[in-house]
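To find a chain, count down the sequence lines: A is the first, B the second, and so on, and within it residues start at 1.
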Protein chains: 2
Amino acid sequence: MEKTLIESCEDTCTGTGLVQPAIEPRLPEHQAVGIAEVFKALGDPTRVKIIYFLLHRELCVHDLSTALEMGQSAVSHQLRYLRDLHIVKRRKEGKTVFYSLDDGHIEQIFVQTLHHLQHM
Amino acid sequence: MEKTLIESCEDTCTGTGLVQPAIEPRLPEHQAVGIAEVFKALGDPTRVKIIYFLLHRELCVHDLSTALEMGQSAVSHQLRYLRDLHIVKRRKEGKTVFYSLDDGHIEQIFVQTLHHLQHM
DNA sequence: TTAATATATGAGTAATCACTCATATGTTAT
DNA sequence: ATAACATATGAGTGATTACTCATATATTAA
């Protein structure tokens, strides 16, 4: 080790040769982060179940908590997470807060993915 | 606290009343986990960039490493992750290993999501 | 007012993650 | 054989995460 150490593959790599000038098109950092953020929001079993329930009807926190067999606090935290990303929205009625899907695009992404995965 | 503690909302909740008999349809646990697993795989900026690059062409590890401006080890680890989920596949040619997308469904999920997010 | 209910939230924690570093493996050239 | 290169991988680490617990807030009823 520790000798000539050619700085890059540009001269030696048997690869694509596309490194110079650059591999295009490039996805801007902020877009990559934004896309990943959405996928990550859908990348947890509890949140998947929540979204799946809300595909069919609006539900209050307690009903979600019961349906998911999880503590109310855990559900509230996840709903907060989804709400911050505008995936889910609130409707208050007395003491009760009903949640439903907020974004048609997210809903379509979810449903289309569901269909894809069912045919794999 | 610590007194009557009614066991559930079934009698008192002002909610949907759908708790009994149950909220249907239910997404089976293993399906929820599987769906979340796929979304999670797409839920990281580095992996998003990798998949985006591979949408357009096959690339070797070094070229990906250069394009992503990340260490070769980090890239290899992520490629391993994606390969385990059959999102990406290998093709060996001498010393070089080329990676490309392995699954048309995942590719469609990715592209459709890209389009959705561009129109939000 | 006080009590009960429904939800929200901050702190704490164990598990997971996305890297780095060092090293191992595999391939080609000399 | 040895050396150089290309990739893979195990260990280690700091950051993030998905929960629990206790408590706060909000609404309604008595």
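With rounding to the nearest 0.5 Å, the separation of CD in B:Q78 from CG in B:L68 is 9.5 Å. Rounded to the nearest 0.5 Å, atoms CD (B:Q112) and CG (B:L117) are 11.5 Å apart. Here the NE2 atom belonging to B:H56 is positioned 13.0 Å from the CD1 atom belonging to B:I51, to the nearest 0.5 angstrom.
Of the side-chain N and O atoms in B:R90, one or more sit less than 4.0 angstrom from OP1 or OP2 of D:dA8. Contact annotation: A:Y99 side-chain N/O to C:dA6 OP1/OP2 distance is not under 4.0 Å.
A:S65 places no side-chain N or O within 3.5 Å of a backbone atom of A:V61 that could act as its donor or acceptor partner. Between the side chain of A:H105 and the backbone N or O of B:H119, at least one donor-acceptor pair lies under 3.5 Å.
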Pairwise N/O distances under 3.5 Å, protein to nucleotides 25-30 of chain D:
unit_1 : atom_1 : unit_2 : atom_2 : d
D:dA26 : O3'    : A:K92  : NZ     : 3.3

**Item:** Worked check of side-chain contact (heavy atoms from CB on, under 4.5 Å) between B:F110 and B:L55
**Value:** CA-CA 9 Å; B:F110 189 86; B:L55 277 180; 3.8 Å; yes
**From CA spacing to verdict: side-chain contact (heavy atoms from CB on, under 4.5 Å), B:I35, A:L114** = CA-CA 7 Å; B:I35 293 162; A:L114 229 63; 3.2 Å; yes
**Step-by-step side-chain contact (heavy atoms from CB on, under 4.5 Å) determination, B:R26 to A:F53** = CA-CA 7 Å; B:R26 294 185 86 73; A:F53 277 126; 4.1 Å; yes
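Of the residues in residues 70-88 of chain A, those placing a heavy atom less than 4.0 Å from an atom of DNA chain D are A:M70, A:S73, A:A74, A:H77, A:Q78, in numerical order. Non-hydrogen atoms lying under 4.0 Å from DNA chain D are contributed by A:K40, all within residues 32-40 of chain A. For residues 41-53 of chain B, proximity to DNA chain C is found at B:D44, B:T46, B:R47, defined as any non-hydrogen atom under 4.0 angstrom from a strand atom.
The number of heavy-atom neighbours closer than 6.0 Å to CD of B:Q118, taken from other residues, nucleotides and ligands shown, is above 12.
Applying the salt bridge (Lys or Arg N to Asp or Glu O under 4.0 Å) test to residues at least two apart or on different chains, the pairs with a partner in residues 37-56 of chain A are A:K49-B:E29.
Nearest heavy atom pair, residue B:A41 against residue B:L85, reads CB-CD1, 3.4 Å.
Considering only residues two or more places apart in sequence or on other chains, B:H77 meets the ring-ring contact (aromatic ring centres under 6.0 Å, His included) condition with none of them.
When the P atom of C:dA8 is taken as reference, atom NE2 of A:H62 falls 14 Å away, rounded to whole Å.
Residues B:R83 and B:K89 form no side-chain contact, since every pair of their non-hydrogen atoms from C-beta on lies 4.5 Å or further apart.
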